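First the structure, in the form of structure tokens, and then the observations on it.
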Amino acid sequence: MKIALIGPGGIGSTFAFQLARAGHEVTVVARGKRLEQLQRDEAIVKATGERAAVRVSAALDATAAWDLVLVTVLASQVDAVLPALTASAAKSVMFMFNTFEPLRRLRDAVGSARFAFGFPAILATLDDGKLTSKIVTRGMVTTVTDEAWAKVFTDAGIPAVVHADMESWLRTHAAFAVPVMVASVTAHTRQAGLSWIEAMNLARALEEGLRLVRQLGNTVTPEPVARLSRLPTPVIATFLWTLSRIEALRKLGAAGPGEPRALIDAMAAAAPGQTPALLAIRP
């Protein structure tokens, strides 16, 4: 298939690597330093030295009939690429990022017939342009709205499943991910784990976020997160306290506080005056 990928950070680069290795024609759209790296290498390069050849471009070719344009930018960056996606001749456009906002706006921008959304179960970092990634292959794997693309990703080595209510899934994930990201950023900054008081504050923010999901008429999903939401606050705090002492999670905090800030702001905007615990942990 002919696939374009916009946003080749750690997650996007993992998809580009796996899809190219599976035999698809992958064009990576990048900018700045990442564009320069890719133009030099003409490949996604792993820290292990493995390479997957890709085409590289500074802009999306709007005239190309892409089978898929996969958009792995941050939610705060998507508005900058929406005009190109709207004008594109692509057959499918899949957005893939953390968001708490309704999906209607993105669906309307590209047309319901072309719209898809997904979320990656991948831990990935780029160090000096070299990719290190771990693909989750069991349990809560990559989740998408489209069965055909779930099969394409699975065949390329990224196991994927379909969820019928992706908006509920994404809002639940945001409520869960925000405290984890804040824990990661905090632990990375100080190179030490959370205090117990900090872990309790994050646990209360997680509980508040999940209550907000239900208040907005969404379902807490999938079931493992729904079970987590029923645990006592100290148990959730213990989970977060422990996570902050794991080196791999601490390393992810190098991405900085921008994404958890944006998600907290979106959650607060959805219910003004009703998110004090979330605003209290905003980094």
Side-chain angles (χ1 to χ4, degrees), residues 1-20 22 24-32 34-35 38 44 52 54-122 124 126 131 133 135 142-153 156 158 160 162-163 166-167 169-171 173-174 177 255 258-259 262-263 266:
M1 291 186 175
K2 191 172 181 178
I3 298 172
L5 185 137
I6 300 176
I11 299 298
S13 293
T14 302
F15 272 91
F17 183 93
Q18 295 296 134
L19 290 165
H24 301 292
E25 180 187 308
V26 178
T27 297
V28 176
V29 180
R31 62 181 182 176
R34 186 62 177 141
L35 175 62
L38 290 164
I44 304 295
V54 295
R55 301 184 181 193
V56 184
S57 177
L60 180 70
D61 181 355
T63 66
W66 308 102
D67 292 294
L68 174 68
V69 176
L70 183 58
V71 185
T72 57
V73 301
L74 295 176
S76 59
Q77 300 168 327
V78 74
D79 282 346
V81 300
L82 269 184
L85 295 171
T86 301
S88 170
K91 299 171 186 174
S92 296
V93 178
M94 179 180 289
F95 299 91
M96 189 173 279
F97 47 75
N98 263 320
T99 185
F100 196 79
E101 296 181 359
L103 300 183
R104 185 187 319 109
R105 183 175 70 93
L106 299 176
R107 184 183 293 110
D108 290 346
V110 300
S112 59
R114 299 196 299 166
F115 173 81
F117 208 104
F119 196 86
I122 295 170
L126 282 174
L131 174 67
S133 64
I135 299 168
T142 294
T143 303
V144 298
T145 54
D146 188 284
E147 186 172 346
W149 291 115
K151 184 178 187 310
V152 170
F153 295 156
I158 303 175
V162 176
H163 197 288
M166 201 65 190
E167 184 170 287
W169 194 102
L170 287 162
R171 284 183 159 173
H173 182 269
E259 189 169 11
L263 287 170

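Please read all numbers here as calculations on a predicted model, not as lab measurements.
The ring pair (Phe, Tyr, Trp, His ring centres under 6.0 Å) test applied to Phe100 returns no partner, not counting sequence neighbours. Listed by chain and residue number, nothing satisfies the side chain to side chain donor-acceptor pair (under 3.5 Å) test with His24 (two or more places apart in sequence, or in another chain). With sequence neighbours left out, Asp79 forms a side chain to side chain donor-acceptor pair (under 3.5 Å) with Arg105.
Screening Val93, Leu85, Leu70, Thr72 against Ile6 for a side chain to side chain contact (heavy atoms under 4.5 Å, CB included) leaves a single residue, Leu85.
Residues Asp67 and Lys2 are not paired through a salt bridge, judged by the lack of any N-O separation under 4.0 Å between the basic side chain and the carboxylate.
Not one N or O on the side chain of Thr27 forms a donor-acceptor pair closer than 3.5 Å with the backbone of Ala4. Here the side chain of Ser13 pairs a donor or acceptor atom with the backbone of Pro8 at under 3.5 angstrom. Listed for the Thr86 side chain is a donor-acceptor partner under 3.5 Å among the backbone atoms of Ala109.
Remark: Ser76 OG to Asn98 CG distance equals 11.0 Å, nearest 0.5 Å. Between Glu101 atom CD and Leu263 atom CG the span is 9.5 Å, to the nearest 0.5 Å.
When side chains are defined from C-beta on, Phe15 does not count as touching Val26, because their heavy atoms never get closer than 4.5 Å. Side chains of Asp61 and Trp66 form a contact here, defined as non-hydrogen atoms less than 4.5 Å apart. Looking at Ser112 and Arg104, their side chains never come closer than 4.5 Å, going by heavy atoms from C-beta outward. Side-chain atoms of Phe153 and Leu19, non-hydrogen and from C-beta on, do get closer than 4.5 Å to each other. Leu35 is not listed as a side-chain neighbour of Val28, based on a closest heavy-atom distance of 4.5 Å or more.
Closest non-hydrogen pair, Met94 versus Gly118, comes out as CG-N, 4.0 Å. Closest heavy-atom contact between Ser133 and Ile122: CB-CG2, 4.3 Å. Summarising the geometry of Ile44 relative to Ala16, their closest heavy-atom pair is CG1-CB, 3.9 Å, with the distance given to 0.1 Å. Across every non-hydrogen atom of Leu5 and Gly12, the tightest pair is CD1-O, 3.2 Å. The shortest heavy-atom contact between Ala124 and Leu131 is CB-CD1, 4.2 Å. In terms of heavy-atom proximity, Phe97 sits nearest to Leu170 at O-CD2, 3.9 Å.
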*In sequence, state the C-alpha distance, the side-chain angles, and the governing distance for Met1 and Leu68, and then conclude on side chain to side chain contact (heavy atoms under 4.5 Å, CB included).*
CA-CA 8 Å; Met1 291 186 175; Leu68 174 68; over 6 Å; no
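Ring geometry for Trp169 against Phe119 counts as tilted: the plane angle lies between 30° and 60°, on a 0 to 90° scale. The aromatic rings of Phe95 and Phe115 sit tilted relative to each other, their planes meeting at an angle between 30° and 60°.
Residues Arg114 and Ser88 have side chains that never bring a donor and an acceptor to within less than 3.5 angstrom of each other.
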